[in-house]
Undergrad: 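First, the structure itself, so that you have it in front of you.
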2 protein chains.
Amino acid sequence: MNENQAFPWDHPRFRSWIGVARACQLMQQAMTRAIADLDIKTPHLDILINLYRFDGISQQELARKLLVGRSNMSMLLPQLEKRGLIARRPDAKDKRVLRLSLTEAGRDLTAKAMAIQTGLIERTLSKTPADRCLQVAEAMEDIIGILQTMEDDEG
Amino acid sequence: MNENQAFPWDHPRFRSWIGVARACQLMQQAMTRAIADLDIKTPHLDILINLYRFDGISQQELARKLLVGRSNMSMLLPQLEKRGLIARRPDAKDKRVLRLSLTEAGRDLTAKAMAIQTGLIERTLSKTPADRCLQVAEAMEDIIGILQTMEDDEG
DNA sequence: GGAAAAATGTTCAATGCTGAACAATAAAGT
DNA sequence: ACTTTATTGTTCAGCATTGAACATTTTTCC
């Protein structure tokens, strides 16, 4: 009868979203434990995977893909560079930008880490059938689209 | 033909999960902006909502619900206490535990914040029909169950 | 061509979160 | 009863993240 339920946790959408947030948090923690042996944390892994996929990307582009600030990259990338996992080369045409790429060691480590990550995701979503995964993905696409629109309108 | 795709991002489950993680990150950022006017951030909001719902909870129980460490509560709760939003009273029977509750001001602020939060979620999931939300929620329940089992087995 | 605006990366102070070590209290084992 | 173990909350050092201020370089606009 009452469309505006008394409490947020009675709203179906609210409850759904709480589940999403909770699952994300737990997955993040599980992932952190899973890759601890490789001496990297999830922010490093996100960086490495993106460099694996998009070789020669700039710091700015990387930050945008990861939805973090530029300053964050300025803090993390030198660490990975010192460990010999990535290389930062100045761009030939634009003297402001640094082009990022994985070293041999970086590619090896990333391959190992991605295997672990994929394994964890497969195991965690094993109970969720493929078509259900697809439906979830579609729902998330919609949500991402709306959130990005909101962001653009405000900022 | 090839069951083990060459790259993680070709796995359907992997792609699905990336979407979930991305949506969560964007939602978190949008929520942070949405409640900035109330001078609280999402960790504070999570605390306040749980106190609104579970009056008299202990710090330990709260930390467990929020999936964070006890030390985190020890840092954040005194802030909220100083702002007069919550009260911490020693338990009568067990001298170790502190029982948490919202003050009048805390309840008011929490009500406002929950209205904003619910509004944002409703708007963001508006494109996602109710039955689809339910399916997503079910999928997340499965995922949460598996992750919690993994956690218990390891730790 | 030259001034104004924008883009890129860096630095810094502030804050959040964690895990480990700790003190106080309670519960279990003997 | 007494020793041992577990639980609760606190403190602290370490790291991640942010936003603002900054220097350098590029683009835009007149």
Side-chain angles (χ1 to χ4, degrees), chain A residues 21 24-26 28-33 35-36 39-48 51 56-83 86-101 151 154-155, chain B residues 21 24-26 28-33 35-36 39-48 51 56-83 86-101 151 154-155:
Chain A
C24 262
Q25 218 176 334
L26 283 166
Q28 173 107 359
Q29 292 173 0
M31 194 70 73
T32 302
R33 288 194 303 271
I35 61 175
D39 258 305
I40 55 174
K41 297 197 182 142
T42 56
H44 306 121
L45 179 55
D46 289 339
I47 292 172
L48 292 173
L51 293 187
I57 199 177
S58 76
Q59 293 193 188
Q60 175 81 288
E61 291 165 334
L62 182 56
R64 248 199 293 272
K65 278 181 192 300
L66 299 180
L67 303 174
V68 299
R70 280 170 297 164
S71 54
N72 191 359
M73 295 298 99
S74 279
M75 309 285 274
L76 295 181
L77 291 173
Q79 296 176 14
L80 297 174
E81 195 179 24
K82 275 178 201 126
R83 284 180 58 181
I86 69 169
R88 299 201 290 173
R89 279 184 259 289
D91 185 283
K93 303 197 170 177
D94 191 333
K95 291 179 189 171
R96 292 170 302 180
V97 343
L98 293 175
R99 299 267 156 220
L100 307 169
S101 52
E151 197 173 2
E154 292 179 19
Chain B
C24 262
Q25 218 176 335
L26 283 166
Q28 172 106 359
Q29 292 173 0
M31 193 71 71
T32 301
R33 288 195 303 272
I35 61 176
D39 258 306
I40 55 173
K41 298 199 182 141
T42 56
H44 306 122
L45 179 55
D46 290 338
I47 292 173
L48 293 172
L51 261 44
I57 199 177
S58 76
Q59 293 193 189
Q60 174 81 287
E61 290 165 334
L62 182 57
R64 247 198 293 273
K65 279 182 191 301
L66 299 180
L67 303 175
V68 300
R70 279 170 299 165
S71 55
N72 191 2
M73 294 299 97
S74 279
M75 310 283 275
L76 295 182
L77 291 173
Q79 295 176 13
L80 296 174
E81 196 178 24
K82 275 178 201 125
R83 285 180 59 181
I86 69 169
R88 299 201 291 173
R89 279 184 258 290
D91 185 282
K93 303 198 172 177
D94 191 333
K95 293 178 188 169
R96 292 170 301 180
V97 343
L98 292 176
R99 299 266 155 222
L100 307 170
S101 54
E151 198 173 1
E154 292 179 18

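The structure presented is a predicted model; accordingly, all values stated were derived computationally and were not measured. Each chain gets a letter, A, B and so on, in the order its sequence line appears, and its residues count up from 1. All values below come from the heavy atoms of this structure, side chains included, with hydrogens, waters and symmetry mates left out.
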Undergrad: I want to confirm an ordering. Mapping A:Gln29 and A:Arg88 to their closest nucleotides on DNA chain C, which one lands closer to the 5' end?
TA: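 Mapping each residue to its closest nucleotide by heavy atoms, the 5'-most match is A:Arg88.
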Undergrad: Do side-chain atoms of A:Glu61 reach the backbone of A:Gly56 as a donor and acceptor pair under 3.5 angstrom?
TA: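 Answer holds: no.
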Undergrad: Does OP1 or OP2 of D:dT10 have a side-chain N or O of B:Gln59 closer than 4.0 Å?
TA: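 For B:Gln59, the contact criterion (side-chain N or O under 4.0 Å from OP1 or OP2 of D:dT10) is met.
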Undergrad: Mind calculating the distance between NZ (A:Lys41) and C1' (D:dC15) to the nearest angstrom?
TA: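 Distance, rounded to whole Å: 6 Å.
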Undergrad: Are there any protein N/O atoms within less than 3.5 Å of an N/O atom in nucleotides 19-24 of chain D, and if so, which ones and at what distance?
TA:
unit_1 : atom_1 : unit_2  : atom_2 : d
D:dG19 : N7     : A:Ser71 : OG     : 3.3
D:dG19 : O6     : A:Ser71 : OG     : 3.2

Undergrad: Report the residue (A:Lys93 or A:His44) whose heavy-atom-nearest nucleotide on DNA chain D is the more 5′ of the two.
TA: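 First, find each residue's nearest nucleotide; the 5'-ward one identifies A:His44.
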Undergrad: Expressed as a whole number of angstroms, how long is the span from B:Leu76:CG to C:dG16:P?
TA: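 That distance rounds to 6 Å.
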Undergrad: Expressed in angstrom and rounded to an integer, what is the separation of B:Lys95 atom NZ from C:dA26 atom P?
TA: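 Distance check: B:Lys95 NZ to C:dA26 P gives 6 Å.
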Undergrad: Would you say the side-chain atoms of A:Gln79 pair up with the backbone N or O of A:His44, donor to acceptor, closer than 3.5 Å?
TA: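 No.
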Undergrad: Could you pull out the closest heavy-atom pair between B:Ala63 and B:Gly69, with the gap in Å?
TA: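 Looking at all heavy atoms of both residues, the shortest contact is CB-O, 4.0 Å.
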Undergrad: Distance check needed: C:dG9 P versus A:Asp91 CG, whole Å only.
TA: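 It works out to 9 Å between those atoms.
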Undergrad: B:Pro43 and B:Leu76: which non-hydrogen atoms are nearest, and at how many Å?
TA: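 Heavy atoms of B:Pro43 and B:Leu76 come nearest at CB-CD1, 4.0 Å.
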Undergrad: Would you compute the distance between atom CG of B:Leu77 and atom CG of B:Asn72 and round it to the nearest 0.5 angstrom?
TA: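 Here the interatomic distance stands at 8.5 Å.
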Undergrad: Tell me the interatomic distance from A:Met75, atom CE, to C:dG9, atom C1', rounded to whole angstroms.
TA: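 These atoms are roughly 13 Å apart.
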Undergrad: Mapping A:Glu61 and B:Thr42 to their closest nucleotides on DNA chain C, which lands nearer the 5' end?
TA: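 Mapping each residue to its closest nucleotide by heavy atoms, the 5'-most match is A:Glu61.
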Undergrad: Would you tell me if any nitrogen or oxygen in the side chain of B:Gln79 comes within less than 4.0 Å of OP1 or OP2 on C:dT15?
TA: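 False: B:Gln79 side-chain N/O out of range (4.0 Å or more) of C:dT15 OP1/OP2.
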Undergrad: Take atom CG of B:Leu77 and atom P of D:dT10, then tell me their distance rounded to the nearest Å.
TA: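 Between P of D:dT10 and CG of B:Leu77: 8 Å.
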Undergrad: For the side chain to side chain contact (heavy atoms under 4.5 Å, CB included) test, which of A:Arg64, A:Arg70, A:Arg88 pairs with A:Gln59?
TA: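 Of A:Arg64, A:Arg70, A:Arg88, side chain to side chain contact (heavy atoms under 4.5 Å, CB included) with A:Gln59 is met by A:Arg88 alone.
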Undergrad: Could you state the atom-to-atom distance from CG of B:Leu45 to P of C:dG16 in whole Å?
TA: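 So the CG-P distance, B:Leu45 to C:dG16, works out to 14 Å.
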Undergrad: Does a side-chain N or O of B:Gln60 approach OP1 or OP2 of D:dT8 to a distance below 4.0 Å, or not?
TA: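 True: B:Gln60 side-chain N/O within range (under 4.0 Å) of D:dT8 OP1/OP2.
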Undergrad: Quick check on A:Gln28: does its CD atom have over 12 non-hydrogen neighbours (other residues, nucleotides or ligands) under 6.0 Å away?
TA: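 No, not enclosed.
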Undergrad: Nearest whole Å is fine: how far is D:dT18 C1' from A:Leu66 CG?
TA: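 Checked: the CG to C1' distance equals 15 Å.
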Undergrad: Given axes from five pairs at either end, by how many degrees does the helix from C:dG1-D:dC30 to C:dT30-D:dA1 bend, rounded to 10°?
TA: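 Between the first-five-pair axis and the last-five-pair axis there is 30°.
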Undergrad: Donor-acceptor pair, B:Gln29 side chain versus A:Leu67 backbone, under 3.5 Å?
TA: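 Yes; at least one donor-acceptor contact below 3.5 Å.
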Undergrad: Could you go through the side-chain contact (heavy atoms from CB on, under 4.5 Å) check for B:Leu48 and B:Ile86 one step at a time?
TA: CA-CA 8 Å; B:Leu48 293 172; B:Ile86 69 169; 4.1 Å; yes
Undergrad: Ignoring hydrogens, what is the shortest heavy-atom contact between B:Leu66 and A:Gln25? Give both atom names and the distance.
TA: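 Answer, listing the atom of B:Leu66 first, then A:Gln25: O-NE2, 2.9 Å.
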Undergrad: Identify which nucleotide among C:dG9, D:dA16, C:dA26 has an atom closest to any side-chain atom of B:Asp94, counting heavy atoms from C-beta outward.
TA: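 Selected nucleotide: C:dA26.
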